[in-house]
2 protein chains.
Amino acid sequence: MLDADQTTELAELFRLLGEPNRLGIVASCLEGPLSVGEITSRLALSQSLVSHHLRLLRAARLLKAGKRGKQVFYSIPDCHVREMLTNMIEHLIEPHESEDDINNEPGVRSWP
Amino acid sequence: MLDADQTTELAELFRLLGEPNRLGIVASCLEGPLSVGEITSRLALSQSLVSHHLRLLRAARLLKAGKRGKQVFYSIPDCHVREMLTNMIEHLIEPHESEDDINNEPGVRSWP
DNA sequence: CCTACCCGTGAACACGTATTCATATGTCAC
DNA sequence: GTGACATATGAATACGTGTTCACGGGTAGG
């Protein structure tokens with residue numbers, strides 16, 4: 001299916017999105033370019049923390065940066081990332097299935 | 001866009017998939033149900049480690065378990081998870097875009 | 001020049017967690 | 001029953017990493 005390298009590469013993307021504040025930063029930028037200050041105030045995080053996270057997201061090409069005057073604006077770099085995220089969000093929003101079947105019925109037939 | 005709770009919930013999914021061994025386990029199960037022993041030998045991991053990871057994936061409904069005799073088979077629980085993963089994998093496989101697409105904003109000074 | 005503002009960065013700490021080891025539970029065969 | 005196999009679980013440890021703090025580096029305006 002996936003070789004070890006591809007798995008590691010994909011896991012790295014998931015890992016970066018697996019932190020609530022980082023995911024919030026990326027999700028905020030889905031609507032359009034945002035300056036660091038806007039991100040900081042929207043998510044109510046310290047500016048330093050936002051900057052640290054932005055560094056990682058930039059390095060992974062999950063966000064791109066552009067300077068205008070004193071401010072630096074961050075945005076989604078390409079349609080791949082945008083589609084990935086919107087797909088995941090759609091899946092999250094869609095109605096959830098029924099509850100858990102934690103109880104283990106003996107002789108359960110999963111489709112072999 | 002996403003409220004705090006949804007962000008946290010989605011991040012939790014990403015976090016679980018953000019570990020290479022766990023992602024490998026889930027990806028292996030994309031082809032069909034696998035027993036713990038098969039997963040263990042395919043990924044060359046210790047049985048204990050696989051079991052620990054399976055516990056987390058089960059709890060997050062990223063995998064479901066079914067017993068048959070002595071063995072326990074794990075598989076993808078619903079089409080949501082399957083589509084999410086296949087989409088991500090497709091995006092990973094697809095040819096990567098060119099490097100630097102600079103400014104789409106007027107008056108943006110180039111980024112060094 | 002100086003000041004104010006916006007952002008990036010390095011060090012240090014605190015906390016989570018992935019991994020291993022040892023052990024427990026459960027199931028089939030004899 | 002005993003033993004062999006398949007999986008789950010709990011404790012302990014080592015390692016990564018998210019966060020804060022303090023500071024440095026640019027840039028616009030007076």
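Proteins get letters first, then strands, A, B, ... in listed order; numbering begins at 1 in each. Note that this is a predicted model, so its numbers are computed, not measured. The basis for the numbers below is simple: all heavy atoms, side chains too, and nothing from hydrogens, waters or symmetry mates.
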Problem - Value in whole Å for how far the P atom of dG16(D) lies from CD of Glu12(A) - result: 13 Å
Practice task
State which of dG8(C), dT7(D), dT17(C) makes the closest approach to the side chain of Gln47(B).
Solution key: dT7(D)
Can you give the donor-acceptor pairs under 3.5 Å from side chains of residues 25-37 of chain A to other protein atoms, not counting sequence neighbours?
from, atom 1, to, atom 2, distance (Å)
Ser28(A), OG, Gly24(A), O, 2.7
Glu31(A), OE1, Arg42(A), NH1, 3.4
Ser35(A), OG, Glu38(A), N, 3.2
Ser35(A), OG, Glu38(A), OE1, 3.3

Exercise for the section: Test the Arg58(A)-Tyr74(A) pair against the cation-pi criterion, namely NZ or CZ under 6.0 angstrom from the six-membered ring centroid and within 45° of the ring axis. Expected result: no
Handout entry: Rounded interatomic separation in angstrom, taking CG from Leu49(A) and P from dT9(C)
Key = 14 Å
Problem - Whole angstrom value for the distance that separates P of dT20(C) from CZ of Arg55(B) - result: 18 Å
Exercise for the section: Report yes or no: does Asp78(A) contribute a side-chain atom to a donor-acceptor pair with the main-chain N or O of Val81(A) at less than 3.5 Å? Expected result: yes
Fill in the blank from the handout: Checking dT27(C), dG26(D), dT17(C) against the side chain of Lys70(A) (C-beta onward), the nearest is dG26(D)
Fill in the blank from the handout: Of dG26(D), dT7(D), dT27(C), the nucleotide closest to the side chain of Val72(B) is dT7(D)
Problem - Leu34(A) CG to dC6(C) C1', straight-line distance once rounded to whole Å - result: 15 Å
Handout entry: Candidates dG8(C), dA18(C), dG18(D) - which lies nearest the side chain of Arg15(B)
Key = dA18(C)
Handout entry: Intermediate values then yes/no, side-chain contact (heavy atoms from CB on, under 4.5 Å), Leu54(A) and Val72(A)
Key = CA-CA 11 Å; Leu54(A) 286 173; Val72(A) 178; over 6 Å; no
Exercise for the section: Between Arg58(A) and Asn21(B), name the one whose nearest nucleotide on DNA chain C is closer to the 5' end. Expected result: Arg58(A)
Practice task
With the side chain of Ser48(B) defined as its heavy atoms from C-beta on, choose the nearest nucleotide among dA22(C), dT19(D), dT27(D).
Solution key: dA22(C)
Problem - Hydrophobic cluster identity match, Leu16(A) and Val50(A), side-chain contacts under 4.5 Å - result: yes
Completion exercise
Checking dT19(C), dT9(D), dG26(C) against the side chain of His53(B) (C-beta onward), the nearest is dT19(C)
Practice task
Using a 4.0 Å heavy-atom cut-off across all strands, classify Glu19(B) as base, sugar-phosphate, or nothing.
Solution key: sugar-phosphate
Problem - Atom-pair distance (CZ on Arg68(B); C1' on dT7(D)), nearest Å - result: 15 Å
Exercise for the section: Give the rounded distance in Å between these two atoms: CG of Leu45(A) and C1' of dG18(D). Expected result: 11 Å
Practice task
Rounded to the nearest 0.5 Å, what's the gap from CD on Glu19(A) to CG on Leu56(A)? Could you check?
Solution key: 10.0 Å
Problem - Nucleotide of dT9(C), dC28(C), dT17(C) approaching Ser51(A) most closely (side-chain heavy atoms) - result: dT9(C)
Problem - Whole-Å gap separating C1' (dA8(D)) and CG (Leu57(B)) - result: 15 Å
Exercise for the section: To the nearest Å, give me how far apart CD1 (Ile25(A)) and C1' (dC7(C)) are. Expected result: 14 Å
Practice task
Output yes when at least one side-chain N/O atom of Tyr74(B) is less than 4.0 Å from OP1 or OP2 of dA6(D), else no.
Solution key: no
Exercise for the section: Give a yes/no on whether any side-chain N or O of Ser46(B) is located under 4.0 angstrom from OP1 or OP2 of dT20(C). Expected result: yes
Practice task
With heavy atoms under 4.0 Å as the rule, sort Phe73(A) into base, sugar-phosphate or nothing.
Solution key: nothing
Problem - Candidates dG10(D), dT17(D), dT7(D) - which lies nearest the side chain of His52(B) - result: dG10(D)
